[in-house]
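Structure first, then comments.
So you know, we letter chains A, B, ... as the sequences are listed, proteins then strands, and number each from 1.
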Amino acid sequence: MTDSVRVRIAPSPTGNCHVGTARTALYNMLYARKTGGKFILRIDDTDLSRSTKESEEGVLEGLRWLGIKWDEGPDVGGPYAPYRQMERYDTYKRAVEELLHKDLAYKCYCTKEELDKERADALASGKPPRYYGKCAHLSADQQKALEAEGRGHVIRIRVPEKVFSFEDILREHQEKDMSERGDFVIVKSDGSPVYNFATVVDEHLMDITHVMRAVEHLTNTFDQLVAYELLGWKAPTFGHLTLMLNPDRTKISKRAGAVYIGEFRQMGYLPEALINFLALLGWNPGDEREMFTMDELVKAFSLENLSKSDAIFDVKKLDWFNGEYIRKMPVAELADRILPFLKDAGLLPQCWNGHHKPDVLGCETVPVCHGHRYDRKFLEDATAQIQERIVKLTEAPEMLGFLFVDEVELKAETFRDKQAHDAAFSLKVLEAAEKIMEGIVDWEKEPIDTTFREKIAESGIKLGDFLMQVRVALTGKRVTPPMFESMHLLGKRACLDRVKRARAFLAGEVAEV
RNA sequence: GGCCCCGUGGUCUAGCGGUCUAGGACAUCGCCCUCUCAAGGCGGGGACACGGGUUCGAACCCCGUCGGGGCUACCA
């Protein structure tokens, strides 16, 4: 045994990283870093039918994206390798042989049908359903006979009829009378160990000091305690964390929304926001701070402040965190985060790295005519316009789209409002707007701003009403970044082209009526 | 059914016998600011599940009820 803390996360390779797994991993990692201990990642893949290499990678990728790093694991190795249960069969086998040898475990030849019947009978007569030990005392001859019949077997552990107890980090003293438990299976008929047994062997051999996992394992702990005792091992300290719930208070599931880390990524959430949110769901810093970087979490983390009641996963709060992180991020960094979403929306070519002009890249898919759209400064200036307007990265293409297309989609109804109830008002405004634009020689933010304000004031039309028409003409939308900045980004040429096109479009509308 | 865990506003939580006319955050509502949308500022409404104890005194301790959840597998 080592003195320093060794904690772990032991996900089963399901293909995706579940938020619950992520949060448990986070707490374990924080504890390890806080105490100067080690954080181990082990893959619990004893359920052969569901385990593949790809499904393991999906889990690791989710954790990595969140910034969760482990000191030992199947990918990075470590002094306690291997870190996949599938590769540790010999180890479990040795432990089982020892129990078998000491007669603390035995082979059970009962078929599923027999067990179902036993269970049904017990229930019918009001007794607790459990294994009553039919194969507990078979002689070698009896075993041979059963095997000759071609029957397979599982291995059951002899559960002592007594009370087992442990001190839970969050819930203090826990105890359970195991008299009614019945001998449970530790090795399946295919020879693979059951989770409750394999985990005991691993925890012990990997010198795990603290096992922190979800409450759903609390009852399992007593089964595991049986194994620790019969194997003659000291059990680690246990802590049973709360569950995350759907808004209807059921255990969090796909049904109520996103549950996998990859989904949150796709939805435009930032890893630092998700981490911050997850950290505060089931733990509090003891003061009223809300925003935490990973390092700050490490400093503030403590086992005492873990909460005991389950928490509903409230996306609204996650959204708020995401907005906060987007707003306080340097523009250049935000631009980098937004870039992939602009590319995926088809607004920018996948091959552009966000920095150099495309001609330097020699990329054939880049149209040569859009020079400034593939400019770093342009990207950052555009980003700055939406920084405090978006909550998720996925909103960027929607808000910035007009800057990256040749033509925007115009609809008569978009122009229409209380003032512009027919196209006449729109036409009047746009004609005036075109004149103002033409009059601005130095197409910089300042002159655009002052000239427009001045001329619009002279026109007697309210600023907002006037700019809404320009907004629709230039962007095709009624919700966009501020107009003066947008005009500046678009450039004089494009602004004039779009206003002219809008006027033509509206004139056509009038003619039709 | 049995065993176990949990129960402060809609949500996450602070509170660990008096400092609680219960604090913070998200959400919500109103106002201000404002070229749309946001962001920001100011303000409002809203909770100790219920019932018994213990105590001079209970959100905090005890018991019960109710509610939610978990386990009871050759899933983890």
Side-chain angles (χ1 to χ4, degrees), chain A residues 10-14 44-47 49-50 85 108 110 112 115 119 123 126-130 152-156 168 170-171 174-178 180-182 184-196 198-199 213-223 240 242-243 245 247-251 277 280-291 305 307-321 323 327 386-391 395 399 417 449 452-453 456 462-472 475 477-486:
Chain A
S12 44
T14 53
D44 276 11
D45 53 359
T46 50
D47 184 7
S49 58
R50 300 198 309 204
Q85 292 191 326
C108 167
C110 296
K112 178 146 193 326
L115 294 174
R119 189 186 165 79
L123 244 19
K127 289 193 289 185
R130 61 145 156 137
H153 70 268
V154 298
I155 294 173
R156 289 179 185 273
D168 190 279
L170 290 77
R171 296 155 214 278
Q174 298 292 317
E175 62 175 44
K176 184 173 181 159
D177 183 359
M178 295 297 274
E180 297 301 313
R181 177 65 178 91
F184 59 85
V185 174
I186 56 171
V187 177
K188 306 175 202 172
S189 52
D190 66 1
S192 62
V194 147
Y195 160 79
N196 268 335
T199 195
R213 72 241 293 199
V215 252
E216 50 196 340
H217 290 292
L218 197 141
T219 317
N220 287 331
T221 306
F222 295 101
D223 281 2
H240 290 93
T242 60
L243 249 31
L245 270 27
D248 65 0
R249 301 215 132 266
T250 54
K251 194 169 146 185
F277 170 71
L280 259 28
L281 242 191
W283 172 82
N284 74 81
D287 53 39
E288 285 171 350
R289 282 180 295 166
E290 294 270 350
M291 302 294 286
N305 291 322
S307 66
K308 287 185 290 208
S309 47
D310 298 340
I312 291 174
F313 189 98
D314 181 14
V315 188
K316 288 274 182 56
K317 184 110 185 199
L318 208 209
D319 285 348
W320 175 74
F321 273 119
R327 271 170 257 133
I386 60 166
Q387 182 156 27
E388 60 183 32
R389 272 167 248 274
I390 61 172
V391 162
E395 293 159 29
M399 289 212 91
D417 56 33
D449 190 302
F452 262 92
R453 280 184 196 280
I456 293 172
K462 278 167 70 182
L463 187 69
D465 294 338
F466 190 104
L467 288 177
M468 182 54 81
Q469 296 306 312
V470 177
R471 166 173 284 115
V472 177
T475 70
K477 296 182 195 324
R478 294 183 71 88
V479 176
T480 74
M483 279 330 288
F484 302 142
E485 286 80 352
S486 296

[X] side, atom [atom1]; [Y] side, atom [atom2] - distance, nearest 0.5 Å:
{"X": "A/S486", "Y": "A/R471", "atom1": "OG", "atom2": "CZ", "value": "7.5 Å"}
{"X": "A/I186", "Y": "A/R156", "atom1": "CD1", "atom2": "CZ", "value": "10.5 Å"}
{"X": "A/E180", "Y": "A/R130", "atom1": "CD", "atom2": "CZ", "value": "5.0 Å"}
{"X": "A/L243", "Y": "A/R249", "atom1": "CG", "atom2": "CZ", "value": "11.0 Å"}
{"X": "A/L463", "Y": "A/M468", "atom1": "CG", "atom2": "CE", "value": "11.0 Å"}
{"X": "A/D168", "Y": "A/K308", "atom1": "CG", "atom2": "NZ", "value": "10.0 Å"}

Using a heavy-atom cut-off of 4.0 Å across all strands, would you classify [X] as base, sugar-phosphate, or nothing?
{"X": "A/Q174", "answer": "sugar-phosphate"}
{"X": "A/V154", "answer": "base"}
{"X": "A/C108", "answer": "nothing"}
{"X": "A/G282", "answer": "sugar-phosphate"}

With [atom1] as the reference atom in both, quote the distance from [N] to [M] in angstrom, rounded to an integer.
{"N": "B/rC29", "M": "B/rA14", "atom1": "C1'", "value": "25 Å"}
{"N": "B/rA58", "M": "B/rC50", "atom1": "P", "value": "15 Å"}
{"N": "B/rG51", "M": "B/rG45", "atom1": "C1'", "value": "29 Å"}
{"N": "B/rG15", "M": "B/rA73", "atom1": "P", "value": "38 Å"}
{"N": "B/rC60", "M": "B/rU8", "atom1": "C1'", "value": "11 Å"}
{"N": "B/rC33", "M": "B/rG41", "atom1": "P", "value": "16 Å"}
{"N": "B/rG68", "M": "B/rC63", "atom1": "P", "value": "22 Å"}
{"N": "B/rA59", "M": "B/rC48", "atom1": "C1'", "value": "4 Å"}

When the distance from [atom1] of [X] to [atom2] of [N] is rounded to whole Å, what number comes out?
{"X": "A/I312", "N": "B/rG67", "atom1": "CD1", "atom2": "P", "answer": "18 Å"}
{"X": "A/D44", "N": "B/rC75", "atom1": "CG", "atom2": "P", "answer": "14 Å"}
{"X": "A/H153", "N": "B/rC74", "atom1": "NE2", "atom2": "C1'", "answer": "12 Å"}
{"X": "A/F277", "N": "B/rU13", "atom1": "CZ", "atom2": "C1'", "answer": "12 Å"}
{"X": "A/L280", "N": "B/rU13", "atom1": "CG", "atom2": "C1'", "answer": "8 Å"}
{"X": "A/K308", "N": "B/rC12", "atom1": "NZ", "atom2": "P", "answer": "16 Å"}
{"X": "A/F184", "N": "B/rC3", "atom1": "CZ", "atom2": "P", "answer": "20 Å"}
{"X": "A/F313", "N": "B/rG10", "atom1": "CZ", "atom2": "C1'", "answer": "17 Å"}

Strictly under 3.5 Å: I want the nitrogen or oxygen pairs between protein and nucleotides 68-72 of chain B, one per line.
| residue | atom | partner | partner atom | Å |
| --- | --- | --- | --- | --- |
| B/rG70 | O2' | A/E216 | O | 3.4 |

Please state whether the rings of A/F452 and A/F466 are parallel, tilted or perpendicular, taking 30° and 60° as the class boundaries.
->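 Because their plane-to-plane angle is over 60°, the rings of A/F452 and A/F466 count as perpendicular.
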In terms of the angle between their ring planes, are A/F277 and A/F313 parallel, tilted or perpendicular, with boundaries placed at 30° and 60°?
->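 Ring orientation, 0 to 90° scale: perpendicular.
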Taking a pair as Watson-Crick or G-U wobble with both distances under 3.5 Å, which nucleotide is matched to B/rA76?
->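 Per the H-bond distance test, none.
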Using both distances under 3.5 Å as the test, list the Watson-Crick or G-U wobble partner of B/rC37, or none.
->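 With both distances under 3.5 Å required, B/rC37 matches none.
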List the atom of [X], the atom of [Y], and the distance in Å for their closest heavy-atom pair.
{"X": "A/S307", "Y": "A/L170", "result": "O-CD2, 3.4 Å"}
{"X": "A/D449", "Y": "A/R453", "result": "OD1-NE, 2.8 Å"}
{"X": "A/L281", "Y": "A/A311", "result": "CD2-CB, 3.2 Å"}
{"X": "A/T242", "Y": "A/G282", "result": "OG1-CA, 4.3 Å"}

For nucleotides 31-46 of chain B, read 5' to 3', which letter fits each nucleotide if B means a protein heavy atom sits under 4.0 Å from the base, S means only the sugar-phosphate is that close, and - means neither?
-> ----BBBBSS------
Worked verdict on A/D287 versus A/R289 for salt bridge (charged side-chain N to carboxylate O under 4.0 Å, His left out) | CA-CA 6 Å; A/D287 53 39; A/R289 282 180 295 166; 3.1 Å; yes
Pick out the pairs of N or O atoms, protein on one side and nucleotides 14-16 of chain B on the other, that lie under 3.5 Å.
| residue | atom | partner | partner atom | Å |
| --- | --- | --- | --- | --- |
| B/rA14 | OP1 | A/N284 | ND2 | 2.6 |

Taking for each residue the nucleotide of RNA chain B bearing the nearest heavy atom, is the 5' side occupied by A/F222 or by A/V187?
->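 By nearest-heavy-atom nucleotide position, the 5'-most residue is A/F222.
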Kindly indicate whether the side chain of A/K317 and the base of B/rA27 share any N or O donor-acceptor pair separated by less than 3.5 Å?
->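 Side chain to base: no pair present.
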Would A/T199 and A/T46 satisfy side-chain contact (heavy atoms from CB on, under 4.5 Å), going step by step from the backbone distance to the final call?
-> CA-CA 10 Å; A/T199 195; A/T46 50; over 6 Å; no
Is the phosphate of B/rA73, meaning OP1 or OP2, less than 4.0 Å from a side-chain N or O of A/K188?
->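 For A/K188, the contact criterion (side-chain N or O under 4.0 Å from OP1 or OP2 of B/rA73) is not met.
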Under 4.0 Å between a side-chain N/O of A/S309 and OP1 or OP2 of B/rC5, yes or no?
->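 For B/rC5, neither OP1 nor OP2 has a side-chain N or O of A/S309 closer than 4.0 Å.
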